[in-house]
Protein chains: 2
Amino acid sequence: MTWLQFGETMDEKPHITTDEDVIPQVCRACEARHGGICSVLNGSQLAALNKHSAKRTIDPGTEVVGQGENVNTYSNILRGVVKLSKMMADGRQQIVGLQFAPDFLGRPFSRESSLTAEAATTTEICAFPRAAVERMIADTPGLEHKLYDQSLKELDEARDWMLTLGRKTAREKVASFLHLIATHIDPEADDGCTFDLPLSRADIADFLGLTIETVSRQMTKLRKEKVILVENNRHVTVPDIERLNEAAGND
Amino acid sequence: MTWLQFGETMDEKPHITTDEDVIPQVCRACEARHGGICSVLNGSQLAALNKHSAKRTIDPGTEVVGQGENVNTYSNILRGVVKLSKMMADGRQQIVGLQFAPDFLGRPFSRESSLTAEAATTTEICAFPRAAVERMIADTPGLEHKLYDQSLKELDEARDWMLTLGRKTAREKVASFLHLIATHIDPEADDGCTFDLPLSRADIADFLGLTIETVSRQMTKLRKEKVILVENNRHVTVPDIERLNEAAGND
DNA sequence: CGCCAGGTTGAAGTAACTCAATGAATGTGG
DNA sequence: CCACATTCATTGAGTTACTTCAACCTGGCG
């Protein structure tokens with residue numbers, strides 16, 4: 001993506017070591033600097049942002065942002081999985097997105113978020129006050145571009161999932177979910193990957209538009225057909241990712 | 001949205017009438033200048049873009065961009081409705097978005113579009129070569145912001161629709177669709193609005209993840225319950241939009 | 001140990017699908 | 001102008017995939 005270098009063309013001064021090059025201590029080992037938002041910020045910008053930042057650990061099931069609430073912090077996800085969901089008045093629920101490290105959490109220029117964000121697993125985030133982030137966006141075109149880029153990625157994922165929700169069978173849905181997790185958790189190793197499911201059966205059901213029972217039944221079917229191996233309900237091994245992909249209905 | 005004025009703060013010179021203020025003839029009456037992409041461009045920018053622009057009329061059912069094709073033009077929708085859809089290898093199809101005037105069509109920085117865009121109604125577009133648009137994006141922060149804003153809007157819509165696809169009943173789905181069209185076609189007049197459906201029953205089914213027959217049955221049910229009036233299969237009147245909204249399951 | 005939450009399994013019910021026939025609107029050629 | 005084909009929508013009858021309801025595991029913990 002030539003595009004992503006956009007921000008860098010903005011400061012073409014001769015290169016002397018300055019504040020801008022010094023990465024703050026806390027950021028050195030941070031996930032978000034590789035691929036995350038912070039990857040487009042220089043040392044002094046990271047330092048400025050860090051004056052107001054707060055690392056937080058969030059337990060599974062805890063809300064990060066409530067539906068309709070006014071968001072006044074933005075965060076980077078450092079570890080764990082966050083589920084974004086919508087609920088109807090009568091309690092029916094749909095998970096509309098999963099976010100993994102190092103995704104950015106929070107809606108820049110929120111027309112009030114109509115989502116609930118909840119930790120699915122134990123999650124670590126690095127939170128920034130709204131104002132600081134927005135000031136930085138205004139100063140750094142590369143940052144806004146990075147955010148735009150993430151939202152396009154999320155849009156792609158949302159639309160992929162619409163196909164799954166609207167047109168796939170229960171079996172294909174469950175396989176699609178497993179495939180999604182397999183490719184997000186275990187980045188490489190395309191043969192024989194293994195992982196822990198970040199979601200309970202109830203969450204999976206809410207993600208797939210199914211009931212818990214149907215998810216369970218399809219899981220056991222896939223298990224009996226040896227498409228997956230399951231231990232302790234949560235730990236899954238995929239011997240052949242391509243067979244799983246087929247079961248998911250992806251040609 | 002204070003945000004959208006961002007672009008304007010970039011040129012704060014004393015105001016004398018220049019090229020920049022002169023709106024090209026073709027653009028004067030154009031939809032896209034009000035709310036569309038072009039609203040953030042000045043006269044000389046519009047003129048530059050217009051040197052390469054081409055208005056086209058597209059008949060219903062004609063593809064604008066093929067799934068997996070390399071997109072080399074971007075367009076503004078001036079009139080009509082465009083459907084974005086995905087297809088599985090075995091032919092199952094899902095419409096993942098509808099675009100109305102003055103939406104922007106085409107993916108800036110396409111990681112090849114995985115969508116098919118097809119005119120649902122007779123559609124007029126204003127097409128620009130890819131390079132011209134990308135050059136202009138690089139020069140005009142306000143433009144990229146505008147695009148970002150549209151993609152956030154599309155993301156919201158996609159997620160709303162995921163709830164519809166995953167958790168609503170057939171009746172609620174059809175009502176949701178009618179509500180969507182009612183609010184997009186007939187912008188105001190929130191009581192007693194009337195419109196032509198831009199989609200065939202087959203398209204509606206593909207949008208809702210249902211079959212044609214189920215769509216038809218639910219339409220007749222809603223008609224018998226006087227939630228809607230239908231003439232000629234395509235022309236719909238909604239006497240009470242709030243009743244429709246209720247039927248759609250929105251609290 | 002007994003309780004509880006999370007998961008599985010079975011049997012019965014139902015919403016939506018499939019298949020098939022019919023109807024309405026539009027166009028074509030004799 | 002009328003038969004005829006064609007496309008799009010409606011309606012009915014029978015089937016099925018998923019849900020609902022209920023019982024039953026399994027592992028962790030006071």
Side-chain angles (χ1 to χ4, degrees), chain A residues 59-62 83 88 90-94 120-122 164-178 196-225 228-236 247 249, chain B residues 59-62 83 88 90-94 120-122 164-178 196-225 228-236 247 249:
Chain A
D59 288 331
T62 310
K83 52 187 210 216
M88 293 175 62
D90 61 6
R92 278 176 286 176
Q93 202 177 16
Q94 176 68 44
T121 65
T122 302
T164 301
L165 288 173
R167 288 304 184 197
K168 291 192 181 173
T169 64
R171 178 194 156 85
E172 289 170 333
K173 284 180 176 184
V174 171
S176 296
F177 169 74
L178 292 169
D196 275 329
L197 290 177
L199 268 56
S200 68
R201 296 292 185 273
D203 282 340
I204 298 172
D206 279 342
F207 194 32
L208 297 172
L210 299 171
T211 57
I212 308 180
E213 294 93 329
T214 303
V215 171
S216 181
R217 276 185 254 269
Q218 297 302 329
M219 291 273 288
T220 53
K221 256 194 199 167
L222 289 171
R223 208 185 54 222
K224 283 180 181 164
E225 295 167 14
I228 53 170
L229 307 176
V230 185
E231 294 168 83
N232 292 332
N233 292 334
R234 284 284 188 127
H235 193 78
V236 175
Chain B
D59 288 331
T62 310
K83 50 188 211 215
M88 294 174 64
D90 62 5
R92 279 176 285 175
Q93 202 176 16
Q94 176 68 45
T121 65
T122 301
T164 301
L165 288 172
R167 287 303 184 197
K168 291 191 182 175
T169 63
R171 178 194 157 86
E172 289 169 333
K173 284 180 176 183
V174 171
S176 295
F177 169 74
L178 292 169
D196 275 329
L197 290 176
L199 267 56
S200 68
R201 296 293 186 273
D203 283 340
I204 297 172
D206 278 343
F207 194 32
L208 296 171
L210 298 172
T211 57
I212 308 180
E213 295 93 329
T214 303
V215 172
S216 182
R217 277 185 253 271
Q218 297 302 330
M219 291 273 288
T220 54
K221 256 194 200 166
L222 290 171
R223 209 185 53 220
K224 283 180 182 162
E225 295 167 14
I228 53 170
L229 307 176
V230 184
E231 293 167 86
N232 292 332
N233 293 334
R234 284 286 187 125
H235 193 78
V236 175

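Throughout, a chain's letter reflects where its sequence line sits, starting with A, and its residues are numbered from 1.
More than 12 heavy atoms of other residues, nucleotides or ligands shown are found within 6.0 angstrom of CG on D90(B).
Side chain of R171(B) to backbone of Q218(B): no donor-acceptor contact under 3.5 angstrom is found.
When rounded to the nearest whole Å, the span between CZ of R171(B) and P of dA16(C) equals 11 Å. Rounded to a whole Å, the NE2 atom of H235(B) is 21 Å from the P atom of dA24(C). Atom P of nucleotide dT20(D) and atom CG of L210(A) are separated by 11 Å, given to the nearest angstrom. Distance, E231(A) CD to dG7(C) P: 16 Å, rounded to whole Å. In this structure, R167(B) atom CZ and dA16(C) atom P are separated by 13 Å, rounded to whole Å. The distance between atom CG of L165(B) and atom C1' of dA16(C), rounded to the nearest whole Å, is 15 Å. If you take CG of L208(A) and C1' of dA17(D), they are 15 Å apart, rounded to a whole angstrom.
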Quiz prompt | Structure string for DNA chain D in dot-bracket form, Watson-Crick and G-U at under 3.5 Å, | interchain | solution = ||||||||||||||||||||||||||||||
Quiz item: Given L222(B) and L178(B), is the side chain to side chain contact (heavy atoms under 4.5 Å, CB included) satisfied, shown in steps?
Solution: CA-CA 11 Å; L222(B) 290 171; L178(B) 292 169; 4.0 Å; yes
Quick one: side chains of residues 201-211 of chain B, donor-acceptor pairs under 3.5 Å with protein atoms, not counting sequence neighbours, listed by atom name and distance.
residue: R201(B); atom: NH1; partner: N233(B); partner atom: O; Å: 3.1
residue: R201(B); atom: NH2; partner: N233(B); partner atom: O; Å: 2.9
residue: D203(B); atom: OD1; partner: K83(B); partner atom: NZ; Å: 3.0
residue: D203(B); atom: OD2; partner: K83(B); partner atom: NZ; Å: 3.1
residue: D206(B); atom: OD1; partner: R167(A); partner atom: NH2; Å: 2.9
residue: T211(B); atom: OG1; partner: T214(B); partner atom: N; Å: 3.3
residue: T211(B); atom: OG1; partner: T214(B); partner atom: OG1; Å: 3.0

Practice problem: Spell out protein contact along nucleotides 6-11 of chain D as letters: B when the base is contacted, S when just the sugar-phosphate is, - when no protein heavy atom is under 4.0 Å; keep the 5' to 3' order. | Solution: ---SBB
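Contact between T169(B) and R92(A) at its shortest, heavy atoms only, is N-NH1, 4.2 Å.
V174(A) is not listed as a side-chain neighbour of K221(A), based on a closest heavy-atom distance of 4.5 Å or more. Side-chain contact between F177(A) and L199(A) is present, with at least one heavy-atom pair separated by less than 4.5 Å.
To the nearest 0.5 Å, the span separating CG on L197(A) from CZ on R234(A) amounts to 7.0 Å.
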